[in-house]
Every structure is written in structure tokens, then in C-alpha cells.
Amino acid sequence: MMGDFIYSEEIDKAETAYTSDIPQKIEKNLKRFLLAAAVFISGGILWIFCINPLTVPAKIEVMSFPGFYRTDVLEFAGMNSGATYISVNAAAAERLLSSHHMVESARVVKHFPDRLSIFLEPRKAVAVSLIKSNGRTLPVYIDRNGVILEIGADTGSMPSPLMPVVSGVIESNSQLWQGMPLSDSVLPLFSRIGAINDENPIIWQAISEIKIEPKSNGLFDLILYPVNGSIRLRMGSNITIDSISTALLMHEVCLEFGNSIPDEIDVRSGIGVINGLSAN
């Protein structure tokens, strides 16, 4: 009896010691797991916030346009193949890209930790002038800032009918290049042409040519040649879609004169003045 009781008590003690070791083992394993997780997370944070932006080449997304290709964009922006997130100065890259003669606006966006996006908007031609070169007539495309965008057309295509032809803006035998700004005196004209294009470019279908006729002190008149008639329209340099529409209306009225039509209608003052009469 006594022997049996002692044996039972020893078993109870052993079981108690065994069961008390289980929480300790769980606690140790949990601590090891938490320590490993902390090391892993710390390493990930160190990689994401320190190593990756400093050493890993950035993934660069380029949204450009025909004629200004990815490799050219990156070279012009000063980004080499090993450019990292940290090494790229977004503001400086935007300034460089905005200075390109084909770029209207540039935006460089950094996405932490290792991505860059470049968005480019191209300059758009609002008018075209024609020059002679080696016996050929070449179009010179000009944007609203009076900057030459392109000389000639690779495809041989003719200028759009919704783009006015402006003559008298480029002197004969002039040295021309892409990105060349025209004379300061004519810059406001191309800004106004751009504004008219934004409002209603269809109006240019009624005009075959706009000729710049210089006056003194850098001022000039504009001579507009309607498509469906031989009457010149003399206008001031500050043209608008309303002033052109009024001039075209006066032109249509004068075509009803019968056998005699004027050579020119002077609408600079807003009131049509007839200059010269020709037999129809």
C-alpha cells in the first residue's frame, strides 16, 4: 500500500514537471520566431528604403511621341542606364526635357522606391511656310510660340487644309534649323493663329494664304487670300476668328458687285474700304 502510494506520487510529479515545460518551450520557440521575423522585416525595410533606391537601377516608364524615342528621351534628360531612384533629380530632368524644341511640356514623376514615369506633350504646328531648297518646295512647320518644329516632311505629305500657309515670315536663303525661333515681331501672330486653331480651325479652309507685309518700326499688315475669289483682304496683325469671319463676309458681298470687283478690301478699321476695281 505504502509502496503504491509513493509510486503514484512520483508519477504525478513527473507529469507536473512535463506539463510545466510545455509553455516554456512554446515561449522559447515564439521568441525565436519573433526574432527571426524582426530580422527579416528589418532587412526588408533596409532594402526598400535604403539599398534599393540607392543601388538598384530604376524602372523608367516613358510616355513620349513619334520622333522623340525612349533612348533619346533618357539621354536628353541625363538619365543613363544605371540611373537609380535617388540619383535622378526630377525637377532638373523636367527642365532639360522642356527645353527640347519638340516638347511642349514635360513631367517627371518618381514612384518610391524604384520607379520613374516621364510624360511628354509634343509641340504642335499651327501654321506652315514654304521655302525653296535645291529646286524643291519644302514646308516649314511652325508652332504657336513661333518656333520651327520641322523642315520638310519625311512622308512627302502636304500641309493640312486646317493649317494656314503664312508667307513673308522667312527671308530667302535664310539658315534654318529645327528649334529655331522666328523674329520677335511675328511671334504674337502665331500665338493668335494657335488661339484660332483652338477655337475653330475650319475657318482656314476658306483662306489659301496669309501674307505678312512689313511696315515701319517692326509692324506689319496681313494680306489674306480667300480660296474662292481674287479679292485680297488687308487686315491688321491682331487677327481673331471674328475679324476673319467679318472680312470673309465682306468678301462675299463684294463678289456680288457684278462686272467690277475690287482688288482689295481694307478691313483694318473694322469697316470695309474698297481699293481698286477690276473687270470681272
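The main-chain N or O of R232 is never found under 3.5 Å from a side-chain atom of E264 such that the two would form a donor-acceptor pair. Of the possible polar contacts, none joining the K110 side chain to the S117 backbone as a donor-acceptor pair under 3.5 Å is found. T137 places no side-chain N or O within donor-acceptor distance of the main-chain N or O of K132, the cut-off being under 3.5 Å.
For the pair W204 and N197, the minimum side-chain heavy-atom distance is below 4.5 Å. Contact check for I202 versus L162: side-chain heavy atoms found under the 4.5 Å cut-off. Counting heavy atoms from C-beta outward, I212 and L222 have side chains that approach closer than 4.5 Å. Contact of the E121 side chain with the F65 side chain is not registered, since no non-hydrogen atoms from C-beta on lie closer than 4.5 Å.
Rounding to the nearest 0.5 Å gives a distance of 7.0 Å between CZ of F190 and OG of S129. Taken to the nearest 0.5 Å, the CD atom of E104 stands 9.0 Å off from the CG atom of L149. Rounded to the nearest 0.5 angstrom, R268 CZ and L233 CG are separated by 12.5 Å. If you take CE on M235 and OG on S269, they are separated by 11.0 Å, rounding to the nearest 0.5 Å.
A donor atom on one side chain and an acceptor atom on the other are found under 3.5 Å apart for S87 and T84. Side-chain polar atoms of N80 and E75 form no donor-acceptor pair below 3.5 angstrom.
A continuous path of Ile, Leu, Val, Met, Phe, Trp and Tyr side chains, each step under 4.5 Å between heavy atoms, connects I239 with I231, placing both in one hydrophobic cluster.
Heavy atoms of other residues, nucleotides or ligands lying less than 6.0 angstrom from NZ of K211 number 12 at most.
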